[in-house]
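For reference, the structure discussed in these notes is given below.
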Amino acid sequence: VIQSIATILELGVPLAINKAVARFTAKEIDTEEISSLLKVFEMFFVGAALILCLLAIPLSYLLAENWFVFSSLTNQKVFVVLICIFVLVAFRFPIGLYLGVLAGLQKQVQMNGLNVLFATLRLGSAGLLIAFWLPDILSFFVIQIFFSLIELLVIRKIAWNSHPDFRIDMIVSWDSIKEHVSFAINVGVITILGIVLLQLDKLLTSGFLSLEEFGHYSLIGVIGLGLMTIGYPVAAASFPNFVKLIAENKKEELKREYFLFFRLVILMVLPITVSLAVFSQSILEFYMQSESLGRAVYNAFFLFVIASFFGSLRPISFGLILAYNQQKKVINYYFYLLPSYSLILFLLINSMSIVGAALGFLLMQLVSVVVFFVIAIKTLDNNKVPYTLFRIFLVPIGLCCLAAYVLAEMLSFRVPSFHVITSVLVVYFPTLMVLALALYSRTEIITGTSFLLNLRRNSRYNKEKEY
């Protein structure tokens, strides 16, 4: 809950600094403006972190006294642990700002390397501590606070030193940052509305379904949303590049980049989606070690997996829309979507239970990805919306689904039966090849294969050179 509050408090600041830094690399804004913006956002994050720390004592007392039920822990221990949780979130709160700077400079490898390093130190040390030395919940959070403080100081220094023109001693120019603050607020509104839309089905199912059905739907949601997140790293890598190309007025290159990333997400996610969908029942039975889940659960899983595929495509178009400063279109769409989605979801859950919840989520994701895709295409001055939608979207999906269905039907006659994992792999690789042929021309496939081979060759050469 505290992490969710911190996410809301972020507004759209990390994305705003990401965009501003990308524009700075394209020389659209100057050193004074980017340094002023970074200093102001830093002050905002530090202030918000201090507020979280100040709220820690009264809120922890209220929660310990009136909310949690505990027996083996003392009231004082719970109170102190809750304070530690607030402090931990407060220390980690500004880190997103500095990671946004590295993302804007397109230093994703360094950024992710730092994330992996400090996550390993923070959580690995906490896990080892309570497993082998001091199995205590307070120790679990104290060690994380220690490493989070180190992470904050290290990443702050790296972010400020990541470009020679960043000036930490620059006097803040308030007039130059108004546009960026406005963008951050708008993105913050979008983030809040997006969180509500993404969690609305869980909220309604928790109230209208039985505990067992809600548990099944929550499990389906975890698997499906894991599939959806595959599109987010691609979107994170593409966003600063979109911003830079727009600032440099390279429209043709921007079109190529957008369709390149959009097709890449389809290639990454669709074969996994159809492989899971055609064996949805077997996968759930294997995972749950149960054959009595019921047809409704299998159907809901099938629908949620399809919905997650469409959800994975949305961030690419969303990033292009924000790169073009058209966030108001997204806000307007969300304001129309929220009441209509709530009503449709309510009716579907009442009439179709768990299947209705998954169907409503699928409809929301499908409509959203089409709307964002159309806005993005029009933003790129591409008037051939129906043709582009058919060529990039419908044809590859149709061919991939057809190939997966045919393969699954062929496997249904197998003797002896394959393991479910084997069946998924047998469907995955052929559908991946069919999809690649549908999405890319022969020249693109040859060029891409040569690029990967050269990348591997260079990597091997560098290793040998280091050795």
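In this text, all values refer to a predicted model and were calculated from it rather than measured experimentally.
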Taking all heavy atoms of Thr431 and all of Pro271, pick out the closest pair and write down the distance.
OG1-CB, 3.9 Å
Taking the six-membered ring for Trp, are Phe372 and Tyr333 ring centroids under 6.0 Å apart?
yes
Would you say Asp201 and Tyr217 are linked by a side-chain donor-acceptor pair, where the criterion is simply a distance under 3.5 Å?
yes
Closest heavy-atom pair and its distance - Ala235, Pro315
CB-CB, 3.5 Å
Is the centre of the Phe118 ring less than 6.0 Å from the centre of the Phe147 ring?
no
When every non-hydrogen atom of Ala307 is compared with those of Leu362, the smallest separation belongs to CB-CA, 3.4 Å
Salt bridge (Lys or Arg N to Asp or Glu O under 4.0 Å) between Lys27 and Glu248, worked out:
CA-CA 8 Å; Lys27 296 181 172 53; Glu248 294 172 345; over 6 Å; no
Using a strict threshold of under 4.0 Å (side-chain N to carboxylate O), is an ion pair present between Glu28 and Lys19?
no
Above 12 or not: heavy atoms from other molecules or residues under 6.0 Å from CE of Met43?
yes
Above 12 or not: heavy atoms from other molecules or residues under 6.0 Å from CZ of Phe214?
yes
Thr31 and Arg167, any side-chain heavy atoms less than 4.5 Å apart:
yes
Is a donor from one side chain sitting under 3.5 angstrom from an acceptor on the other, for Tyr258 and Ser317?
yes
Nearest 0.5 Å, please: how far is CZ in Arg23 from CD in Glu33?
6.5 Å
Between Lys255 and Glu257, is a side chain to side chain contact (heavy atoms under 4.5 Å, CB included) present by the stated rule, with each step listed?
CA-CA 5 Å; Lys255 288 181 183 180; Glu257 290 287 311; over 6 Å; no
Scanning both residues in full, the closest heavy-atom pair of Val101 with Ser162 reads CG1-OG, 3.8 Å
Aromatic plane relationship, Phe261 with Phe242 - under 30° parallel, 30 to 60° tilted, over 60° perpendicular:
perpendicular
Hey, is the main chain of Glu32 close enough, under 3.5 Å, to the side chain of Ser35 for a donor-acceptor pair?
no
Is the Phe166-Phe24 ring centre distance short of 6.0 angstrom?
yes
Is any side-chain heavy atom of Phe309 less than 4.5 Å from a side-chain heavy atom of Leu270?
yes
Nearest heavy-atom approach of Ser342 to Leu204 is O-CD1, 4.2 Å
